[in-house]
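So the structure is just underneath, and the comments pick up after that.
Worth saying up front: this structure is predicted, and the values here are computed from it rather than measured.
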Amino acid sequence: YRSIETKHASRSLLNHQQNSVKEMLALGRVSKEDANKLLFDIEEKMQELLNQTPNFKLPDSDKLIKEIKWLEALDDSKFDNTIFSDIKIFPVNYKISSELTLSKGIFIIARGIANIEKDNIKTDVLKQGDIITEIDKKNKGVSIVSITPLTVIYITNESLEYLKLMSPSVKEKLDKG
């Protein structure tokens with residue numbers, strides 16, 4: 001997210017510079033020739049910024065696990081963290097549906113907020129630590145829509161069983177749903 005914020009801040013700064021040059025030109029503080037050169041340089045930087053792909057690194061699953069209250073008590077020495085290795089990031093307003101119907105496991109929200117919608121009407125809100133399970137045929141018309149960037153950890157059903165064996169408190173949370 002930080003890369004996107006930096007890009008947005010840079011774009012705002014360049015827009016401000018562009019407006020300042022136009023204002024100085026209107027007030028006669030800079031010649032038309034100098035203003036055009038400055039505006040050209042600013043526009044060039046804007047284009048460079050626009051064409052630059054954001055740089056970001058997926059967070060380590062270990063760090064994300066510790067941010068989720070009901071998973072923070074897990075003893076690292078008792079289990080293999082690779083069961084949490086599949087991290088997915090969904091953009092704002094992304095409808096998570098095909099991922100759920102094809103999954104053979106669960107998603108745990110590590111960061112962000114999503115709405116549960118039934119026939120495009122918001123019925124509930126999901127936040128950090130909430131579990132998203134597959135959507136079956138009886139829940140037709142139900143979808144999960146991210147309202148912020150959403151980081152989720154995917155855990156297969158096999159890994160869930162292993163996790164339940166390793167931690168009674170996690171088993172209790174998962175069995176409750």
Side-chain angles (χ1 to χ4, degrees), residues 1-12 49-50 52-177:
Y1 308 121
R2 191 158 281 131
S3 176
I4 294 168
E5 288 173 354
T6 302
K7 196 172 188 175
H8 181 72
S10 298
R11 180 77 182 176
S12 293
L49 185 65
L50 186 65
Q52 213 174 40
T53 57
N55 294 328
F56 66 92
K57 180 182 171 259
L58 286 176
D60 293 331
S61 58
D62 294 353
K63 184 179 176 191
L64 288 175
I65 292 164
K66 297 301 180 190
E67 289 179 9
I68 299 170
K69 292 249 185 267
W70 60 273
L71 289 175
E72 67 187 0
L74 288 174
D75 183 0
D76 293 339
S77 63
K78 283 188 180 178
F79 69 94
D80 181 7
N81 277 351
T82 59
I83 63 173
F84 298 109
S85 64
D86 198 6
I87 298 169
K88 297 182 182 293
I89 297 178
F90 299 108
V92 175
N93 291 324
Y94 185 82
K95 192 174 274 192
I96 306 166
S97 55
S98 62
E99 291 86 352
L100 296 173
T101 53
L102 300 174
S103 77
K104 304 240 185 288
I106 64 167
F107 291 105
I108 300 172
I109 297 179
R111 294 180 182 157
I113 301 171
N115 286 335
I116 298 176
E117 296 181 357
K118 172 115 174 123
D119 300 321
N120 294 321
I121 298 171
K122 178 177 140 184
T123 59
D124 205 356
V125 176
L126 298 172
K127 59 191 179 324
Q128 185 182 49
D130 286 342
I131 298 168
I132 305 172
T133 57
E134 69 179 330
I135 297 175
D136 55 24
K137 289 176 181 37
K138 68 181 176 195
N139 288 323
K140 208 169 185 127
V142 172
S143 60
I144 310 293
V145 180
S146 60
I147 57 174
T148 66
L150 196 65
T151 304
V152 297
I153 303 169
Y154 176 71
I155 305 175
T156 64
N157 288 331
E158 295 81 26
S159 295
L160 278 174
E161 292 308 314
Y162 173 71
L163 199 59
K164 287 178 183 180
L165 289 172
M166 293 293 113
S167 173
S169 62
V170 170
K171 179 182 181 346
E172 183 181 325
K173 170 69 177 174
L174 291 171
D175 288 345
K176 265 200 254 180

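- Applying the salt bridge (Lys or Arg N to Asp or Glu O under 4.0 Å) rule to pairs touching residues 144-163 yields Glu161-Lys164, sequence neighbours excluded.
- To the nearest 0.5 angstrom, Ile153 atom CD1 is 12.0 Å from Ser159 atom OG.
- With rounding to the nearest 0.5 angstrom, the CG atom of Asn115 is 12.5 Å from the CD1 atom of Ile121.
- Side chain of Gln128 to backbone of Ala110: a donor-acceptor contact under 3.5 angstrom is found.
- Ring geometry, Phe107 versus Tyr154: the interplanar angle falls from 30° to 60°, so the pair is classed tilted.
- Counting heavy atoms from C-beta on, the side chains of Ile96 and Phe90 come closer than 4.5 Å.
- Paired with Ile108 under the rule side chain to side chain contact (heavy atoms under 4.5 Å, CB included), one option of Asp130, Ile68, Val152 passes, and it is Ile68.
- Nearest heavy atom pair, residue Ile109 against residue Leu126, reads CD1-CB, 3.5 Å.
- Put simply, the side chain of Thr148 never gets that close to the backbone of Gly112: no donor and acceptor are under 3.5 Å apart.
- Looking at every heavy atom in both residues, Leu160 comes nearest to Ile106 through CD2-CD1, 3.5 Å.
- The OG atom of Ser143 lies 6.5 Å from the CG atom of Asn120; values are rounded to the nearest 0.5 Å.
- Separation of atoms CD (Glu117) and CD1 (Ile144) is listed at 9.0 Å; rounding is to 0.5 Å.
- Proximity of a side-chain donor or acceptor of Ser146 to a complementary backbone N or O of Ala114 within less than 3.5 Å is not detected.
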